[in-house]
Chemist: 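Before anything else, here's the structure in question.
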Amino acid sequence: MKDGRIIELREANPKDSEKIIAFWSKLINDFTSYRLFNYTGKLSKPDVLENRIKNKEINIDLAISDNYVVGDVIVTIGPKFGIMLQPHIAEIAYGLSEEFRGTGLIYAQIFSAVFKIDVKYIMAYVDLENIRSIKILENLKCEKKAELPEFIYDNIKKKLKTLLLYMCNKDLLVSEAQKKIKQFGINIKD
């Protein structure tokens, strides 16, 4: 991967909660990060996150380098109406440490998190200002389905923000992620 380092991609377990919070603590101060905590200014407590992972309320896949979380992908199946009504749709949210951006690792992370789930469609909400994430989704052949003006309140910037809704077929996303991984020269081993 970057500088010949090996990055471990794996599903989070409850014991990872403190490492995840440490990673999110870096992103919360990153003005180029657009995660929900960047809008609220608040992070989950480690014990709350630990319980959410343990109870399978949240699925998090991690990218780990030198025993530190450097990236994550959160996958929620049945994102708006629950798994009973939306078993065919997963919503993704993702983040990556600044030092690994532009390396292609995000494509490997998304591939790793999405490949193993049994859904038909992937969706993601993206801040209109998040050009990098828009490019990633478009590189994965996701299509902009809606522009949602004043859809979320940014508690930090004290203003309403426009979000874009992107969707794509899961199999197409996986195929495109594989192409990007190969293009960046990333080797994924089981």
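Quick caveat: nothing in here was measured; it's all calculated off a predicted structure.
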Chemist: Between I21 and L49, is a side chain to side chain contact (heavy atoms under 4.5 Å, CB included) present by the stated rule, with each step listed?
Modeler: CA-CA 8 Å; I21 298 295; L49 181 59; 3.8 Å; yes
Chemist: Cluster partners of I156, using ILVMFWY side-chain heavy atoms under 4.5 angstrom, listed by chain and number?
Modeler: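 Noted: I156 shares its cluster with no other residue.
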Chemist: Answer whether the closest heavy-atom distance between the side chains of S44 and F37 falls below 4.5 Å.
Modeler: no
Chemist: Does L36, at its CG atom, have more than 12 non-hydrogen atoms belonging to other residues, nucleotides or ligands within less than 6.0 Å?
Modeler: no
Chemist: For residues I92 and I83: do they belong to one hydrophobic cluster (side chain heavy atoms under 4.5 Å, members Ile, Leu, Val, Met, Phe, Trp, Tyr)?
Modeler: yes
Chemist: Salt bridge or not for R52 and E50, using N-O below 4.0 Å?
Modeler: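 Result for this pair is no, no salt bridge flagged.
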Chemist: Keeping the roles fixed (side chain from K144, backbone from I134), state whether a donor-acceptor pair exists under 3.5 Å.
Modeler: no
Chemist: Is L148 reachable from I152 through a run of hydrophobic residues whose side-chain heavy atoms are each under 4.5 Å from the next?
Modeler: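 The answer is yes; both residues are in one hydrophobic cluster.
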Chemist: Could you report the tightest heavy-atom contact between F111 and Q178, atom names first, then the distance?
Modeler: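 In terms of heavy atoms, the two residues are closest at CE1-CG, 3.3 Å.
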Chemist: With sequence neighbours excluded, what pairs up with A90 under the side chain to side chain contact (heavy atoms under 4.5 Å, CB included) test?
Modeler: V75, I77, I117, V119, I122
Chemist: Does one side chain, of N155 or T40, offer a donor that lies under 3.5 Å from an acceptor on the other?
Modeler: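 The answer is no; no qualifying pair exists.
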Chemist: Return the CG to CD1 distance between N13 and I20, rounded to the nearest 0.5 Å.
Modeler: 8.0 Å
Chemist: Please find the pair of heavy atoms, one from F23 and one from V69, that lie closest to each other, and give the distance.
Modeler: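 Closest heavy-atom pair between F23 and V69: CD1-O, 3.4 Å.
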Chemist: Run L62 and D16 through side chain to side chain contact (heavy atoms under 4.5 Å, CB included) and show every step you take.
Modeler: CA-CA 9 Å; L62 304 174; D16 291 319; 3.7 Å; yes
Chemist: Check step by step if side chain to side chain contact (heavy atoms under 4.5 Å, CB included) holds for K179 and S175.
Modeler: CA-CA 6 Å; K179 290 177 189 175; S175 174; 4.1 Å; yes
Chemist: Any chance you could lay out the side chain to side chain donor-acceptor pair (under 3.5 Å) test for Y166 and E138, step after step, and finish with the verdict?
Modeler: CA-CA 9 Å; Y166 276 83; E138 290 178 352; 2.7 Å; yes
Chemist: Same cluster for F115 and I106 if Ile/Leu/Val/Met/Phe/Trp/Tyr side chains link at under 4.5 Å?
Modeler: yes
Chemist: Test: side chain to side chain donor-acceptor pair (under 3.5 Å). Region: residues 71-81. Which pairs qualify, not counting sequence neighbours?
Modeler: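 Residue pairs passing side chain to side chain donor-acceptor pair (under 3.5 Å), neighbours aside: W24-D72, R35-D72, K80-E91.
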Chemist: Which heavy-atom pair separates I89 from P79 by the least distance, and what is that distance?
Modeler: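 Distance-wise, the nearest heavy atoms are O-CD, 3.4 Å.
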Chemist: Got more than 12 heavy atoms from elsewhere within 6.0 Å of NZ, K15?
Modeler: no
Chemist: Just how far is it from atom CG of L173 to atom OH of Y107, taken to the nearest 0.5 Å?
Modeler: 10.5 Å
Chemist: Would you list the pairs meeting salt bridge (charged side-chain N to carboxylate O under 4.0 Å, His left out) in which at least one residue belongs to residues 19-31, sequence neighbours left out?
Modeler: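 Of all non-adjacent pairs touching residues 19-31, those that pass salt bridge (charged side-chain N to carboxylate O under 4.0 Å, His left out) are D30-R101.
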Chemist: Mind checking whether C168 and K141 have side chains closer than 4.5 Å, heavy atoms only?
Modeler: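 Of all side-chain heavy-atom pairs linking K141 with C168, none is under 4.5 Å.
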Chemist: Which pair of heavy atoms, one from K42 and one from I28, lies closest together, and at what distance?
Modeler: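 Heavy atoms only, the tightest pair is N-CD1, 3.9 Å.
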Chemist: Report yes if some heavy atom in the side chain of D154 is under 4.5 Å from a heavy atom in the side chain of L160; otherwise report no.
Modeler: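 Side chain of D154 against side chain of L160, heavy atoms only: no contact under 4.5 Å found.
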Chemist: Carefully, step by step, assess K161 and L128 under the rule side chain to side chain contact (heavy atoms under 4.5 Å, CB included).
Modeler: CA-CA 8 Å; K161 302 290 295 284; L128 180 65; over 6 Å; no
Chemist: Are Y125 and M167 connected into the same hydrophobic cluster when the rule is that any two of I, L, V, M, F, W, Y join if their side-chain heavy atoms are below 4.5 Å apart?
Modeler: yes
Chemist: Answer yes or no: does atom NZ of K182 have more than 12 heavy-atom neighbours from other residues, nucleotides or ligands under 6.0 Å?
Modeler: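 No, the 6.0 Å shell around NZ holds no more than 12 heavy atoms from other groups.
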Chemist: I would like to know whether S97 and Y68 meet side chain to side chain donor-acceptor pair (under 3.5 Å); could you show each step before the answer?
Modeler: CA-CA 10 Å; S97 292; Y68 292 98; over 6 Å; no
Chemist: For S112, give me all partners under side chain to side chain contact (heavy atoms under 4.5 Å, CB included), at least two apart in sequence or on another chain.
Modeler: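 S112: side chain to side chain contact (heavy atoms under 4.5 Å, CB included) contacts with L9, D61.
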Chemist: More than 12 foreign heavy atoms under 6.0 Å from CD of E147: is that the case here?
Modeler: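 Result for CD/E147: enclosed.
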Chemist: Between N55 (side chain) and N51 (backbone), is there a donor-acceptor pair under 3.5 Å?
Modeler: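 Yes; judged by distance alone, with no hydrogens or angles, the pair exists.
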Chemist: Is a salt bridge present between E129 and K159, judged by a nitrogen-to-oxygen distance below 4.0 Å?
Modeler: yes
Chemist: List, by chain and number, the other hydrophobic cluster members for V48, where Ile, Leu, Val, Met, Phe, Trp and Tyr join if side-chain heavy atoms come within less than 4.5 Å, directly or indirectly.
Modeler: none
Chemist: Can you say whether the rings of Y39 and Y34 are parallel (under 30°), tilted (30 to 60°) or perpendicular (over 60°)?
Modeler: tilted
Chemist: Could you state the interatomic distance from OG1 (T103) to CZ (F184), rounded to the nearest 0.5 Å?
Modeler: 7.0 Å
Chemist: What is the minimum heavy-atom distance between A63 and L105, and which atoms define it?
Modeler: CB-CD2, 4.3 Å
Chemist: Looking at CD of E176 and CD1 of I110, how far apart are the two atoms once the value is rounded to the nearest 0.5 Å?
Modeler: 12.5 Å
Chemist: Are I64 and V73 connected, step by step, through hydrophobic side chains (Ile, Leu, Val, Met, Phe, Trp, Tyr) whose heavy atoms are closer than 4.5 Å?
Modeler: no
Chemist: Closest heavy-atom contact between L27 and S33?
Modeler: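 Looking at all heavy atoms of both residues, the shortest contact is O-CB, 3.5 Å.
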Chemist: Quick one: pull up CD in Q109 and CD1 in I136 and give me the separation to the nearest 0.5 Å.
Modeler: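 Reported value, rounded in 0.5 Å steps: 9.5 Å.
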Chemist: With rounding to the nearest 0.5 angstrom, report the CG to CD distance, N67 to E8.
Modeler: 9.0 Å
